[in-house]
Structures are given as C-alpha cells and as structure tokens.
Amino acid sequence: MGEYSWRWIVVELIISRNVECGKKTYKAGIFPVVGSTHVQFVGELLPYKPYNVYTRMAGADERWIYIEQWIEAKNRKTGEFKIRNTAVFKICFLSKKGRIGTAEALEKLEVDPNEIPKLPHYIHPFRESEGHRVEHFTNLSLENREEENKAEATGKQGSK
C-alpha cells in the first residue's frame, strides 16, 4: 500500500486528497457515503489564523466505518494548540448493486480486517443515540403534520 497505512486509506477516500485511493475505489467499483455525523464545537476558530485538522479511523462494525476528526488552533494567550472542534462520522460503501458490508469493502480495498482498531468507548453512545434521534424527529414530524391538518381543516371550515 505504499507509504499510506490502512488507517488512512478510508480517511483519504473521505477527504479526497489521495488520487491513488480514489483510483482504488473506482477500480473496486465502490464509493464511500457518509451515514451520519456528530460535531462538537469546543472553541472558536479565528479567521486567517493557523489550525491543524486531524482525521483517522476510529473503528468499524459490520455495517459502518467510524471516522474521528478534531481541529486544533493556537490559544491567543499561551500560543499552545488547543482542541477547538471534534467530530465523529460514520461511512458505508456502495456499489452498483447497492450497499455492501464493511468486511466486503475492506476486502475490496485490500485492508486486513484484523488491523481495524476496536471501537472506542465514546462511539457506543453515538451509535445508540441515533435511533433515539430518528424516533424523536419522527414524532415531531407527526405532531407537526397533525397541527397542520387541524389548521387546514379549521381554515376550510371558516371559509364556508
């Protein structure tokens, strides 16, 4: 795999900096798709000031590959780099036939699944909360539709 380790293969695919990786997914007939993200802003990023962005694979399960990213910027008072932003996102891979599992994607990318890191503890709440968020917004959507239907019905009755 040249100078790139397996950890960076997927990351490079996501941020599209490496032409070799793009060629590899193209030849394999797959492409990455972001499934969801969680972003937390810890401090400000000042315009025109230097900052560092770090991205790496956090781990994987049978359906998703989890990527973590953080941004560090210099503290104005101390000059030390401090974390300003953290993010976790999950990706899957699609082929012409549809979604493929993590194991198949790693095989096509020639990545040894035994080298994938174990998911860190903070990823588990992220995974668990997704179902709750979908349920929450589904309920909100249903409530909004009910209110809209009532308002529409009231408006039609008032216009008769």
#### Entry: For L142, the rest of its hydrophobic cluster, which grows through side-chain links under 4.5 angstrom
none
## Note on the structure
For residues 30-52, the ring pair (Phe, Tyr, Trp, His ring centres under 6.0 Å) pairs (sequence neighbours left out) are none
I'd like a table of donor-acceptor pairs (distance under 3.5 Å, sequence neighbours excluded) in which one partner is a side-chain atom from residues 78-89, with atom names and distances.
from, atom 1, to, atom 2, distance (Å)
T78, OG1, E80, N, 3.2
R84, NE, E44, O, 3.4

### Query
Roughly how far, to the nearest 0.5 Å, is CG of L45 from CD1 of I71?
5.5 Å
For a quick test of your reading: what N or O donor-acceptor pairs under 3.5 Å do the side chains of residues 99-108 make, sequence neighbours left out?
from, atom 1, to, atom 2, distance (Å)
R99, NH2, R63, O, 2.9
T102, OG1, D61, O, 2.9
T102, OG1, E62, O, 3.4
T102, OG1, W64, N, 3.3

### Query
What pair of heavy atoms forms the shortest contact from P32 to I91, and how long is it?
CB-CD1, 4.3 Å
### Query
Distance from T37 atom OG1 to Q69 atom CD, nearest 0.5 Å?
10.5 Å
### Task
Can you sort out the partners of H124 under side-chain contact (heavy atoms from CB on, under 4.5 Å), two or more places apart, ordered by chain and number?
L119, R127, E128
### Task
Report the C-alpha separation of I30 and L109 in whole Å, then their side-chain angles, then the decisive distance to 0.1 Å, and conclude whether the side-chain contact (heavy atoms from CB on, under 4.5 Å) test is met.
CA-CA 9 Å; I30 62 174; L109 295 172; 4.1 Å; yes
### Apart from L140 itself, residues in the same hydrophobic cluster as defined by side-chain heavy atoms under 4.5 Å
F137
### Query
In terms of ring plane angle, is the pair F126 and Y66 parallel, tilted or perpendicular, where the classes change at 30° and 60°?
perpendicular
### Message
Among residues at least two apart in sequence or on other chains, which ones pass side chain to side chain donor-acceptor pair (under 3.5 Å) with S129?
### Response
R133
### Query
Other hydrophobic cluster members with L46, side-chain heavy atoms of Ile/Leu/Val/Met/Phe/Trp/Tyr under 4.5 Å, chained?
none
### Query
Of all heavy-atom pairs between P120 and A58, which one has the smallest distance, and what is that distance?
CD-O, 3.3 Å
### Query
Just wondering, do W70 and V53 contact through their side chains at under 4.5 Å, heavy atoms?
no
### Task
Not counting sequence neighbours, which residues clear side chain to side chain donor-acceptor pair (under 3.5 Å) with N114? List them please.
D112
### Query
Passes side-chain contact (heavy atoms from CB on, under 4.5 Å), I67 versus T55? Steps please.
CA-CA 7 Å; I67 307 296; T55 308; 3.5 Å; yes
### Message
Using the side chain to side chain donor-acceptor pair (under 3.5 Å) criterion, which residues pair with S141? Sequence neighbours excluded.
### Response
R145
### Qualifying salt bridge (Lys or Arg N to Asp or Glu O under 4.0 Å) pairs with a residue from residues 29-38, counting only residues at least two apart or across chains
none
### Task
Sort and list the pairs that fulfil side-chain hydrogen bond (donor to acceptor under 3.5 Å, both in side chains) and have at least one residue in residues 88-97, not counting sequence neighbours.
K90-E130
